[in-house]
Amino acid sequence: MEFTGILTGILAFPFIGGLVILMLNKEAKEQARVIAAFATGASLLLSLLVFFTYDVDAANAAHASLIENGTGPIVFQFVDHITWVKNLGISYQLGVDGLTATMVMLTGLASFAGVMISWGVDERPREFMAFFLFLVAGVYGVFLSTDIFLLLFFYELAIFPMYLLIAGWGWVELREYAAMKLTLYILIGSVIALVGLLVLYFQAGAFYTANPDLLPAASDGAYSFDFNHIHLAAQYGAFNVNGYMGFDGLTIARFWFPFIFIGFGVLAGLFPFHNWSPDGHVAAPTAVSMIHAGVLMKLGAYAALRMGVQLTPDGARVHLPWIVLLALVNVVYGAFIAFRQRDFKYVIGFSSVSHMGLVSLGIATMNNTGMMGAGLQMFSHGVMTALFFSCVGMVYDRAHTRDLPSLGGFIYKMPIVGVAFILGGLVSMGMPPLSGFVAEFPIFIGVWEGIPAEVIAKAPTSLTENGAHYYGLIVILSALGIILTATYVLRVTAQVFFGDFDEEKYHEVNTKPLRVQDRVALIMLSSWLIILGVYPQIMTGMIQSAVDPVVGLLKYGAGLQ
Amino acid sequence: MDFNNDLVQNMVSIVPEILMTVLALAVIYLDLYLPAGRRQATVGYVAGIGLLIIGGLAALIPTGGNTLADQLMFGGMIRSDDLAKIFKVMIITVGGLTCFMGMGDLRLRYKSEFYAIIIIASIGASLLSAAADIVMLFVALETLSISLYILAGFIRTSQNSTAAEVEYANRSSESGLKYFLFGAFTSAFLLYGLTLVYGLSGGETSIYQIGPNLATSEHGTAVIIVALGMVVVGFGFKISAVPFHFWTPDVYEGAPTPVTSYISVASKAASFAVLTRFMLAVFPPEQLLDGLEGYSTWWVQLLAMTSVVTMTLGNLLALVQTNIKRMIAYSSIAQAGYALIGVVAIASDSSAGSGAAAVSFYMFMYVMTNTLLFTGIILFSNATNSETIRDMAGLSRRNPAIALGMTIALLSLGGIPPAAGFFGKFVLFRAAVDADMVWLAIIGVLNAIVALYYYLVVIKVMYVDRSPDDDQPIAMPAPYGFVVGVTSLAVVFLGVFFTPVWNWATTAGSDLFLR
């Protein structure tokens, strides 16, 4: 048993805050907001502490063998570990690596900003804040868990508050439909992945039962849901035994990888399962859209990487070469549809689909550059889209319409919102020296480099053998997405923020000034876009330390047996 | 065959049943001798609190020992193992909670017989979960069933009944009669099946003797499969598995709601206990037969198919219901389908009995969840005189506690943490994968998604929809407050701190594989 307590603190503040708010008196609206701000703020501070004290050198040293030979555990930092159910091998186990430390900080930023933006929610703010905090706690839990059961527990825990938030406080015309659609989509993906993970769990258990000398010292028994326990079994080749279900060339890893990867990929908006996401974003109240597009979609990509690629690396070698095509469709098709929208929020919703495609694209390169770009893009897009949605929310609160052609001139009345939106727009187009460039550039370089030769040699498929250079084609096509992004971002900016302002129609803009809280949120989010853009080293080292072990595993880990 | 001959241990093993008999007599006595004014409250509280105390006591009673012979009591009539114990605890506890529920129902509260019959039904159910002999099994089953037939048709009219009361009483009588007819019909099947195994095994009544005898008998497979099928029909009716489910929606809708709750939890739990025990003993798998083949694959395949059909049909039909009690009826059919996954998952890789352990845990969480749900329904329908889902609009504003309790229950049934259903489903699907039945696990998880849809719709109606009566609070009388509080806490606790109950269920599951 190990217990540092910092990560448990990150998780506990929103959860306890939510419970306290639920116990408040019905009229205690202001208290509910203050408690929510305090809870998310405390978690944000702790997550910043984790982010800035994460020891990159120690992580690189600990992963040396994994990077060079493809063997060895992932060494997590700030570990909290308590055994939960011994005979099933379930533990309460939290820890961070470079990627999750970043994602936890992103969650902290988005959730604190979300509470700030939601200060104006006046319909049952007590319940709103409580459910919002439960949602945030669930999201933190997924990023922090290093036990597969715990991860699934938090994953499903986050879904219900989100359903109620959208169905109860969302945009009246769409909310019930969108909330249900989103919930069912996400759950279907996750439960199918769950079955796949159970198969891995039993296979690893059977493997360790047969080879007791390989059993990691830290494990409770042969059967365990501990991430490293199964990760190590994957390195020993436990999931790569040829002849699964009697087919030659089929292994557990190769059969179950698509289910696990795409199952979680649903939440990352992977084509063709992205359909829930624009509707969900549009129907949700502003703060929930921010968490949703800003953090939850990253959660899907993260889980797909951790549970899919890291637990079944041999499956990734075989399947990612075609999944990259889905990601390409995401990028280009998402951008095209965003271009066509008349609704302000739908533009941002589809732009998320397009940008998340870049993350999947980066993961599918299976090389260091591309994967690092994917990690940076997860952070950059998270902050950017949270900023976008808060701008949209502020405009909509005063204009009461999101119809693009009828809006106009808002930058004269709300300059800070306009500037923030333009900043987000520049990030979205990948303009240097902002974070978007730092993130997207490595992705394109990575795709251009293509799949490392070592990975192809481990599992050559007809795609990689015959069309060795199709990744080059993908770069060209996906760069189209960037041009389209520029087009729709500029169009939206022009339509909403420039042009003539209709004083009569949008008179509320004058009577409803921005709150201090709104400004805090905008400035906090915008500043990260600039910081990461001008000083990427703040994050690249950490992300690199988390993705190098994955690439090492893909390159040198066990192949078909 | 050896039995436990220690008289003290024999008597200790049936202490809960003895105490319940005493309690039933005490309730009838109190009804006769208390003055009318004090009778109503006292009798209910005596029955309810008495059953809860006995339920707690049942958890403390030690099992017979660590071998099969040590656990077989009264010449092999009953078996005192952890499986019996865990099911007894849940059955007797919900019996007590049902008494509290009855105290708030205007049509039941003045009738002391209601409490006495609930206690007698609980005796039948707890003996059923321990029965290790086909005679005992049938007697216990009939004790339970006949009590439930009476309870389902409990409501009668009097001379000054209003039209609505007459209608209500008619529905109750109809459901009682329907339940009785279906029940008697399938009991006959069960009895015929039991006589066949009795004959085929060469005249044995102990299920632990029948098993090996059948496996080595000279009779052809066909006749043994016929016996197996007949038994499955009998038990299938009790757990409302498709295609023996037709009574369920009508009986659930017509019976007084506390009785519906009791039928849906206690009767179902006891039937799952006996189903698991009976199938593993009478048609044992290889590992219990020293490598002989046996007939276990037959019932495993049969029940796996039943499970698929049951959960799929239950969920699909639940989607279209507008009456909350009918919806819960179909949902409880589907829940039986999930639990059947655990019954068929016997050939495990990791530890013997993980399937049976999953069933035990699942039923434990299910009885708490459904009791909570039905308590909410009683409160809601008492206040609105309606049982349609649409009329639940605004419940969260009229009484947040009821809405929260029902939400916890619905989430638990849907398998969303932190409610207990998540871990319950998790261990069931785990058991299925353990037994190399990945396809069954996949059908199970997809069904769970379908089910989540209609549970979420109810939650949405309670929290999002508005009704003209939003500002009229619904009162929660003390007995109901107690039930809602206890069961909500139980469901959340089982969902987060499930370790003790799961460990207990694991012991219960592995007990079935003792030799």
Side-chain angles (χ1 to χ4, degrees), chain A residues 15 22 26 83-90 124 127 131 134 138 141 149 152-160 163-164 166-170 175-176 179-180 183-203 205-206 209 221-223 225 245 255-256 259, chain B residues 348-351 354 357 396-397 400 404 407 410-411 414-419 421-423 425-427 429-436 438-450 452-453 455-457 459-465 495-500 502-503 505-507 510:
Chain A
F15 189 70
L22 273 189
K26 217 174 191 172
T83 304
W84 198 357
V85 187
K86 201 169 163 79
N87 66 11
L88 295 180
I90 296 176
R124 293 197 283 168
E127 281 95 336
F131 289 134
F134 291 141
F149 174 84
L152 289 165
F153 186 87
F154 283 120
Y155 196 95
E156 317 243 322
L157 186 69
I159 308 248
F160 173 66
Y163 173 80
L164 264 193
I166 298 179
W169 284 269
R175 61 189 188 187
E176 286 169 20
M180 187 63 86
T183 309
L184 296 184
Y185 258 80
I186 295 174
L187 275 177
I188 288 178
S190 76
V191 293
I192 290 186
L194 167 95
V195 176
L197 292 170
L198 280 174
V199 172
L200 299 187
Y201 161 84
F202 281 108
Q203 185 62 27
T209 312
Y223 291 87
F225 283 101
M245 294 181 176
F255 182 79
W256 283 103
F259 292 98
Chain B
S348 61
D349 293 337
S350 65
S351 68
S354 68
S396 70
R397 295 176 191 82
L404 185 66
T407 304
L410 290 164
L411 290 182
I416 298 290
F422 174 73
F423 187 71
K425 286 215 168 60
F426 184 82
V427 288
F429 300 143
R430 179 187 169 279
V433 178
D434 202 0
D436 290 329
V438 178
W439 61 275
L440 193 56
I442 291 195
I443 294 176
V445 294
L446 292 180
N447 261 292
I449 303 292
V450 176
L452 191 65
Y453 174 79
Y455 296 133
L456 280 181
V457 165
I459 295 177
K460 187 216 74 179
V461 170
M462 290 193 298
Y463 276 87
V464 178
D465 291 1
V496 182
F497 304 104
F498 37 69
T499 319
W502 169 250
N503 285 342
T506 311
T507 323
S510 58

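Reminder, nothing fancy here: chain letters follow the sequence lines and each chain counts from 1. Keep in mind it's a predicted model, so treat the numbers as computed, not measured.
Contact of B/Leu411 with chain A is made through the side chain alone, with heavy-atom distances under 4.5 Å. Looking at A/Ile159, there are no atoms closer than 4.5 Å to chain B (heavy atoms on both sides), in backbone or side chain. Heavy-atom distances place both the backbone and the side chain of B/Tyr453 under 4.5 Å from chain A. The parts of B/Leu456 that come within reach of chain A are both its backbone and its side chain, each placing non-hydrogen atoms under 4.5 angstrom from that chain. For B/Val457, the parts lying near chain A are the backbone and the side chain together; criterion is any non-hydrogen pair under 4.5 Å. When heavy atoms are compared at a cutoff of 4.5 Å, A/Glu176 approaches chain B solely by way of its side chain, counted from C-beta outward.
Of the possible polar contacts, none joining the B/Asp434 side chain to the B/Arg430 backbone as a donor-acceptor pair under 3.5 Å is found. A distance-only check finds a donor-acceptor pair linking the side chain of B/Thr499 to the backbone of A/Trp84 [under 3.5 Å].
Between chain A and the residues B/Tyr463, B/Phe429, B/Trp502, the most heavy-atom pairs under 4.5 angstrom are made by B/Trp502. Taking chain A as the reference chain and counting heavy-atom pairs below 4.5 Å, the highest number among B/Val450, B/Asp465, B/Ile442 is found for B/Ile442. No other option in A/Ile192, A/Leu194, A/Leu187, A/Thr183 has as many heavy-atom pairs under 4.5 Å with chain B as A/Leu187. Contact count against chain B (heavy-atom pairs under 4.5 Å) is highest for A/Leu88 among A/Leu22, A/Thr209, A/Leu88, A/Leu164.
Exactly one of A/Val199, A/Leu200, A/Leu197 qualifies for a side chain to side chain contact (heavy atoms under 4.5 Å, CB included) with B/Val433. That residue is A/Val199.
Taking CZ from A/Phe225 and OH from A/Tyr201, the interatomic distance works out to 4.5 Å, rounded to the nearest 0.5 Å. Taken from CD1 in B/Ile459 to OH in A/Tyr163, the straight-line distance is 7.5 Å, to the nearest 0.5 Å. Interatomic distance, A/Met180 CE to A/Tyr185 OH, rounded to the nearest 0.5 Å: 14.5 Å.
Heavy atoms from other residues, nucleotides or ligands lying under 6.0 Å from CZ of A/Phe154 number more than 12.
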